[in-house]
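Structure first, then comments.
Note that ligands are numbered from 1 as they come in the structure, with each ligand's atoms numbered from 1 the same way.
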Amino acid sequence: MRIPFTKMQGAGNDFVVLDETRGRFGLSTAQYRFLADRHFGVGADQILTVRPAPTPELDFEYLIHNADGGEVENCGNGARCFVRYVHERGLTHKPTVRVKVHGGAIELRLNADGRVTVDMGAPVFDLERLPFDPTGLQPQVSGGWQTWPLALDLPAGVVTAPVAVVSMGNPHAVLLVDDVETAPVAEWGPLIERHPAFPKRVNAGFLQIVDRTQVKLRVYERGAGETLACGTGACAAVVAGIRLGLLDEQVDVQARGGRLTIAWAGGRDLAAPVLMTGPAVTVFQGEIEVPELA
Ligand SMILES: N[C@H](CCC[C@H](N)C(=O)O)C(=O)O
């Protein structure tokens with residue numbers, strides 16, 4: 001099956017975008033994995049799919065599949081690319097669009113300066129909804145909130161990683177580190193991602209606080225490995241930093257692939273939405289022959 005696609009990136013987190021507004025390709029998990037493969041397919045961290053809105057109050061539906069082919073609840077950098085895509089393709093002329101995602105609905109705005117602002121909705125702290133199973137874990141009080149001491153079984157022995165847990169529709173575990181450049185992302189990331197306390201696995205964020213309005217972040221993403229930026233991860237990290245009493249309400253997040261700005265008034269209202277602003281770039285368009293893969 002020959003499929004047209006658009007390659008996009010948001011702060012270095014890269015995507016294959018598929019237009020299913022006029023019909024579906026009916027791709028299997030293996031075919032999504034093929035599209036994301038950097039040697040045999042196009043190559044991407046996630047595959048984004050544009051579909052017509054399921055209900056009149058929405059403008060589109062937005063599906064996200066990780067590089068491993070699994071469908072997930074939300075993708076922040078992808079959301080910014082999504083709104084640039086639907087404008088560039090003439091699928092809408094509305095500067096702000098409301099989009100259904102697996103984890104709920106989000107609002108996307110294309111700004112005059114070319115950056116994109118996304119209302120990512122309110123963070124979720126309910127452990128069952130995350131989902132996070134705290135059985136056998138004792139929370140550690142930290143700055144008026146809490147972290148959970150995950151035991152990680154490293155070759156050199158067991159270490160404890162105290163993580164803050166929060167959902168942006170998708171699950172995140174945030175670990176404070178002194179220096180992101182020397183943080184054990186490759187070693188600890190996969191162990192946190194697949195830790196038994198996370199029944200649906202988790203995205204693992206490594207957060208360095210520079211000051212109350214600037215942080216550095218690396219994320220070992222569920223189903224994709226370390227990416228150059230993670231939008232929901234940036235939201236989750238800033239939310240955790242604010243709840244731990246370490247950050248102000250607007251924070252610049254420096255990821256390896258670019259800068260995102262996150263704002264959350266959670267110090268006053270935990271149900272406040274998280275607003276994320278950042279770049280969204282179209283890299284190229286193409287077509288690819290996708291083999292029949294069950
Ligand atoms: N790996 C994530 C999905 C993509 C999130 C990330 N690319 C973003 O920009 O939010 C998950 O499994 O929940």
- Item | Reported CG-to-NZ distance for the pair Asp179 and Lys216, which is rounded to 0.5 angstrom |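 Nearest 0.5 Å value for the CG-NZ distance: 7.0 Å.
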
- Is NZ or CZ of Arg243 both nearer than 6.0 Å to the six-membered ring centre of Phe125 and within 45° of the ring axis? yes

- Query: Are Asp119 and Thr117 linked by a side-chain donor-acceptor pair shorter than 3.5 Å?
  - Reply: no

Closest approach of any protein heavy atom to [atom], naming residue and atom:
| atom | result |
| --- | --- |
| atom 2 (C) of ligand 1 | Asn203 OD1, 3.2 Å |
| atom 1 (N) of ligand 1 | Glu221 OE1, 2.7 Å |
| atom 7 (N) of ligand 1 | Asn13 OD1, 2.8 Å |
| atom 9 (O) of ligand 1 | Gly231 N, 2.8 Å |

- State whether the shortest distance between N or O atoms of Thr232 and N or O atoms of ligand 1 falls below 3.5 angstrom. yes

- Query: Are any of the N or O atoms of Gly76 closer than 3.5 Å to those of ligand 1?
  - Reply: yes

- Short list, please: which atoms of ligand 1 are under 4.0 Å from a heavy atom of Asn77?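 Matching atoms, with element in brackets: 8 (C), 9 (O).
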
- Query: Which of the atoms in ligand 1, numbered in the order shown and given with their element, are less than 4.0 Å from a heavy-atom of Asn74?
  - Reply: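 The list of qualifying atoms is 3 (C), 4 (C), 5 (C).
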
- Item | 4.5 Å side-chain heavy-atom contact, Ile47 and Ile64 |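 No - every pair of side-chain heavy atoms lies 4.5 Å or more apart.
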
- Message: Below a 4.0 angstrom heavy-atom separation, can you tell me which part of Gln46, side chain or backbone, both or neither, approaches ligand 1?
- Response: side chain

- Task: Let me see the working for Arg201 and Glu193 under salt bridge (charged side-chain N to carboxylate O under 4.0 Å, His left out), right down to the final yes or no.
- Result: CA-CA 5 Å; Arg201 297 183 291 155; Glu193 179 202 8; 2.9 Å; yes

- What is the ring orientation for Phe198 with Phe132, classed by angle as parallel under 30°, tilted 30 to 60°, or perpendicular over 60°?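 If you compare the ring of Phe198 with that of Phe132, the planes turn out tilted.
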
